[in-house]
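Presented below is the structure to which this report refers.
What you see is a predicted model; the values in this text were computed from it and never measured.
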Amino acid sequence: MSVRAALANRQLGHVFAPVWQAQSGALFGFEASPRFPDGTTPAEAFAVARETGDLAAFGELSLLSALRVSWNLPGRLLLRVDPTPDFTCALPNGAMLRRSGAIVAELQVSAHLQAEALRHTADALRRQGVSIALSGQDVQALERAFEDLRPDIVKVGPQQWSQGEDDALGLIGMTHGAQALALCSGIDRPGQIGRLATLGCDLVEGRHIGRPAPADAWTPARIGLSWPPEASR
């Protein structure tokens, strides 16, 4: 299904990967990633939507589609919404199957992103009761966004926590200083969770934690088996 067809049909598939609390091993929620039946990747869909002027519609469709199919998953729902100056959001009245505060929209920050687009998108989401997470490789851009948006979660990627403890500690300290949670992503092998918990990461996710799967695959048994044993010792 093409991006334009997905928008026209208001249909978009998602897979969900678990997000865990680093210290306790308790389930925090799930991160959602859009999937297209024709194999189009989220990055490719983003590029197409940007070229066709459908970026705002694609972002809203991704949000609403993830909500519709994830009602039976416990905890919070984290999903990416690309900031645009014309993003609009209207959650369906009377059709919400989870509290709005349990929805976290991840906005990616970069040096090239216009501050107005980021602020507009965050404001549109917050008016609906959606929490805000920030991600991005540019630490200076993240610092500016901290002051402007006061996020609830900041994603610390492997390119940041694997380069050196000083850089990771600085970003995590800044996150905690803003009274936000640090989500360390990209956990792909044993031994990483304990180190990141020591650095102060509050939440962890990645292929070692639990590989993405459709919502109906996440039974209580599978959720329990997904938690790596070394993290709960």
With a 4.5 Å cut-off on side-chain heavy-atom distances among I, L, V, M, F, W and Y, is there a chain of contacts connecting [X] to [Y]?
X: Leu149; Y: Val109; answer: yes
X: Val130; Y: Leu78; answer: no
X: Met174; Y: Leu118; answer: yes

Minimum heavy-atom distance [X]-[Y], with the two atoms named:
X: Gly136; Y: Leu142; result: O-CD1, 3.4 Å
X: Val104; Y: Ala133; result: CG1-CB, 3.7 Å
X: Leu73; Y: Ala215; result: CD2-O, 3.8 Å
X: Cys89; Y: Ala124; result: CB-O, 4.1 Å

Quiz item: Side-chain contact, heavy-atom cut-off 4.5 Å: Val48 with Phe58?
Solution: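 The answer is no, as the side chains (C-beta and beyond) never meet within the 4.5 Å cut-off.
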
Quiz item: Can you check whether Leu63 reaches Leu91 side chain to side chain, under 4.5 Å on heavy atoms?
Solution: yes

Quiz prompt | Side-chain donor-acceptor contact under 3.5 Å, Asp202 with His176 | solution =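 A donor-acceptor contact under 3.5 Å links the two side chains.
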
Which value, rounded to the nearest 0.5 Å, describes the distance between [X] atom [atom1] and [Y] atom [atom2]?
X: Thr175; Y: Leu134; atom1: OG1; atom2: CG; result: 9.0 Å
X: Leu67; Y: Leu79; atom1: CG; atom2: CG; result: 6.5 Å
X: His208; Y: Ile193; atom1: NE2; atom2: CD1; result: 5.0 Å
X: Ile172; Y: Cys184; atom1: CD1; atom2: SG; result: 4.5 Å
X: Gln21; Y: Leu181; atom1: CD; atom2: CG; result: 8.5 Å
X: Trp20; Y: Leu27; atom1: CH2; atom2: CG; result: 4.5 Å

Quiz item: Please walk me through it: do Val156 and Leu183 pass side chain to side chain contact (heavy atoms under 4.5 Å, CB included)?
Solution: CA-CA 6 Å; Val156 184; Leu183 167 58; over 6 Å; no

With distance as the sole test, does [X] use its side chain to make a donor-acceptor pair with the main-chain N or O of [Y] at under 3.5 Å?
X: Thr219; Y: Arg222; result: yes
X: Asp152; Y: Ala180; result: no
X: Thr121; Y: Thr84; result: yes
X: His14; Y: Pro214; result: no

Quiz prompt | side-chain contact (heavy atoms from CB on, under 4.5 Å) partners for Thr198, two or more places apart | solution =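 None.
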
Quiz item: Does Glu116 have any side-chain contact (heavy atoms from CB on, under 4.5 Å) partners at least two apart in sequence or in another chain, and if so, which?
Solution: Gln114, Arg119

Quiz prompt | Basic-acidic side-chain contact under 4.0 Å: Arg76, Glu31 | solution =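 No, this pair does not count.
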
Quiz item: Name the one of Lys155, Glu106, Gln108 that satisfies side-chain hydrogen bond (donor to acceptor under 3.5 Å, both in side chains) with Ser135?
Solution: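 Testing Ser135 for a side-chain hydrogen bond (donor to acceptor under 3.5 Å, both in side chains) against Lys155, Glu106, Gln108 leaves exactly one candidate, Glu106.
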
Quiz prompt | Heavy atoms of other groups near Gln137 CD, more than 12 under 6.0 Å | solution = no

Quiz item: Are the aromatic rings of Phe30 and Trp218 close, with centres under 6.0 Å apart?
Solution: yes

